[in-house]
2 protein chains.
Amino acid sequence: MSRAEQREQTRRALLRESRRLFAAEGYGAVGLSQIVNAVGVTKGALYHHFDDKMALFRAVLAQVQDEVGRRVATTADAEPDPWDQFVAGCHAFLTASADPDIQRIMLIDGPAVLGWNEWRAFDEAASARHLTDALTRLIEAGVIARQPIAPLTHLLSGAMNEAALWLATSTDPGALADTKAALTRILESLRT
Amino acid sequence: MSRAEQREQTRRALLRESRRLFAAEGYGAVGLSQIVNAVGVTKGALYHHFDDKMALFRAVLAQVQDEVGRRVATTADAEPDPWDQFVAGCHAFLTASADPDIQRIMLIDGPAVLGWNEWRAFDEAASARHLTDALTRLIEAGVIARQPIAPLTHLLSGAMNEAALWLATSTDPGALADTKAALTRILESLRT
DNA sequence: GCTTTCGCATACCAACGGTATGCGAAAAGG
DNA sequence: CCTTTTCGCATACCGTTGGTATGCGAAAGC
């Protein structure tokens, strides 16, 4: 195996196991020794690839955010109508964020480890950007009333984040449908 | 000074300094030595009053949540009309959560340190309970459409939490007013 | 006034994140 | 080919942290 291949493989393995452990036990509860043991390397390898534990988490978070962003974007893009794109994207986000592993990394530990500012930058780059874009288009098209976009983006983003967290712990089988219905009612209220 | 008084005084001082430091630097970045140095005691005193670092954070969080809950409740109770109570309570929550210190403890570190489940229990006991109560009354009174309350509670709670976090970093002086306006529009949409 | 209680200090430990250095194989150069 | 350099990673080590076990001295009970 070439040196570049070996390097890439080790890096991937570190990211894979870190993600698994961070999701299962949380950032604070996972030691670096746990990670390197699971991968079968030593801390030397870890610090050769990442500056510190926070950088490792950053890489894992970027990966998770990217996945969620992709799912939201592809689902939304499948709809021809801008309004349907918007609603479909919101629903796709709820569905994608249903995974407890994704939640722990993206919604729980993310803000605490990186601080809210940096976490926001990640979220903006991955999924909230689509929300802003959609709202902008809908306002330009006159589908919803002209109004400041940023407050609305954060209200909706927060609503969906918290709803996703709640859904993960809810035992009610109809909870997802009820939440989507309530969210849809709120979204509908934005239409002119 | 009696022994009970001394005990109480030490405990209060520990809570006060912990809250200050947790708010300023975050749970993870604050060491127990920092806290006991700031108070002028030793770790022996700290561990005499609290089981561990997490229990100390729990006590601080309970205090913060209680304060916010009180502010929301008193503001809401000042309004005679149930609908006005509801809107006033939501606005009061936004205002109370504007403090970055409260945010760091209540919204950022809270879920990460305690896990979402335990954090939710705290939030439920302090402020989200008022939201649930208000929504229940409004539905019973026929002011808003009959619908499942839990999903709506979490959507609104999450919207306000995230909006509060955003407001703290926003430089736009009109951001608070814009957010309250957008929130009010969403709330209005719930009316029958 | 004698004993008990208890609030807190002292001294210590294991584990953790992080660093400095060494090694051996793959790549580069001639 | 053989030499030299590169570099991916291992080894060994350090300071700090959360947490514990024990000791002490003053207040509280009898």
Side-chain angles (χ1 to χ4, degrees), chain A residues 1-61 104-105 109-110 112-115 118, chain B residues 1-61 104-105 109-110 112-115 118:
Chain A
M1 199 182 316
S2 86
R3 200 149 55 164
E5 285 170 340
Q6 180 63 42
R7 178 190 171 86
E8 192 64 18
Q9 189 169 321
T10 303
R11 186 189 163 87
R12 277 167 131 71
L14 281 167
L15 277 173
R16 201 180 53 236
E17 290 303 311
S18 301
R19 177 171 173 172
R20 205 176 54 80
L21 289 166
F22 285 157
E25 308 177 24
Y27 177 82
V30 174
L32 296 182
S33 51
Q34 269 184 71
I35 297 174
V36 297
N37 282 341
V39 175
V41 295
T42 66
K43 284 202 288 186
L46 199 159
Y47 277 93
H48 183 73
H49 286 275
F50 302 96
D51 284 347
D52 51 14
K53 194 186 177 186
M54 214 168 127
L56 177 60
F57 180 81
R58 240 186 293 265
V60 171
L61 175 63
R104 177 88 217 193
I105 294 169
D109 283 335
V113 174
L114 303 182
E118 193 181 345
Chain B
M1 194 182 320
S2 87
R3 199 149 54 162
E5 286 170 338
Q6 180 64 43
R7 176 190 172 87
E8 192 64 17
Q9 189 169 321
T10 303
R11 185 189 163 86
R12 278 168 131 71
L14 282 167
L15 278 173
R16 201 179 54 237
E17 291 302 312
S18 301
R19 176 171 173 172
R20 205 176 53 81
L21 289 165
F22 285 158
E25 309 178 22
Y27 177 83
V30 173
L32 296 182
S33 52
Q34 267 184 75
I35 297 174
V36 296
N37 282 341
V39 174
V41 294
T42 65
K43 283 202 288 185
L46 199 158
Y47 277 93
H48 183 73
H49 286 276
F50 302 96
D51 284 347
D52 51 14
K53 194 185 178 186
M54 213 167 126
L56 177 61
F57 180 81
R58 239 186 294 264
V60 171
L61 175 63
R104 177 88 217 194
I105 293 169
D109 283 335
V113 174
L114 304 181
E118 192 181 346

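Keep in mind that the numbers below use all heavy atoms, side chains included, and drop hydrogens, waters and symmetry copies. Here the structure is a predicted model, which is why all the values come from computation and not from measurement.
Put simply, the side chain of B:Lys53 and the base of D:dG19 share no donor and acceptor less than 3.5 Å apart.
Nucleic acid contact for A:Gly44: base, since at least one base atom lies under 4.0 Å from a heavy atom of the residue. Heavy atoms of A:Arg7 sit under 4.0 angstrom from primed sugar atoms or phosphate atoms, though from no base atom.
D:dT17 atom P lies 12 Å from atom OH of B:Tyr47, rounded to whole Å. Distance CG (B:Asp51) to C1' (D:dT20): 13 Å, rounded to an integer number of Å.
From the 5' end on, the contacts that DNA chain C makes with chain A at under 4.0 Å to a non-hydrogen atom open and close at C:dC16 to C:dA27.
Remark on DNA chain D: of its neighbouring residues B:Met54 and B:Ser2, the 5'-side contact belongs to B:Met54, judged by nearest-heavy-atom nucleotide. Looking at which nucleotide of DNA chain D each of A:His48 and B:Val30 is closest to, the 5′-most match is held by A:His48.
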Under the side-chain contact (heavy atoms from CB on, under 4.5 Å) rule, what do B:Ile35 and B:Leu14 come out as? Steps first, then yes or no, please.
CA-CA 7 Å; B:Ile35 297 174; B:Leu14 282 167; 4.2 Å; yes
Audit row: B:Val113, B:Asp109, side-chain contact (heavy atoms from CB on, under 4.5 Å) steps and yes/no
CA-CA 6 Å; B:Val113 174; B:Asp109 283 335; 4.2 Å; yes
After noting the C-alpha distance and the side-chain angles of A:Glu118 and A:Arg58, does the key distance pass the side-chain contact (heavy atoms from CB on, under 4.5 Å) rule?
CA-CA 10 Å; A:Glu118 193 181 345; A:Arg58 240 186 293 265; 2.5 Å; yes
Working note: A:Val36 + A:Leu46, criterion side-chain contact (heavy atoms from CB on, under 4.5 Å); need CA distance, chi angles, decisive distance, verdict.
CA-CA 7 Å; A:Val36 297; A:Leu46 199 159; 3.6 Å; yes
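For A:Arg20 against A:Ala38, the heavy-atom pair with the smallest separation is NH2-CB, 4.3 Å.
Ring pair B:Phe57/B:Tyr27 is perpendicular by interplanar angle, where above 60° counts as perpendicular and below 30° as parallel.
Inter-axis angle, ends of the helix from C:dG1-D:dC30 to C:dG30-D:dC1, five pairs per end, rounded to 10 degrees: 10°.
No salt bridge links B:Glu8 with B:Arg11; every basic N to acidic carboxylate O contact stays at or beyond 4.0 Å. A salt bridge does not link B:Arg104 to B:Glu25: none of the charged nitrogens lies less than 4.0 Å from a carboxylate oxygen.
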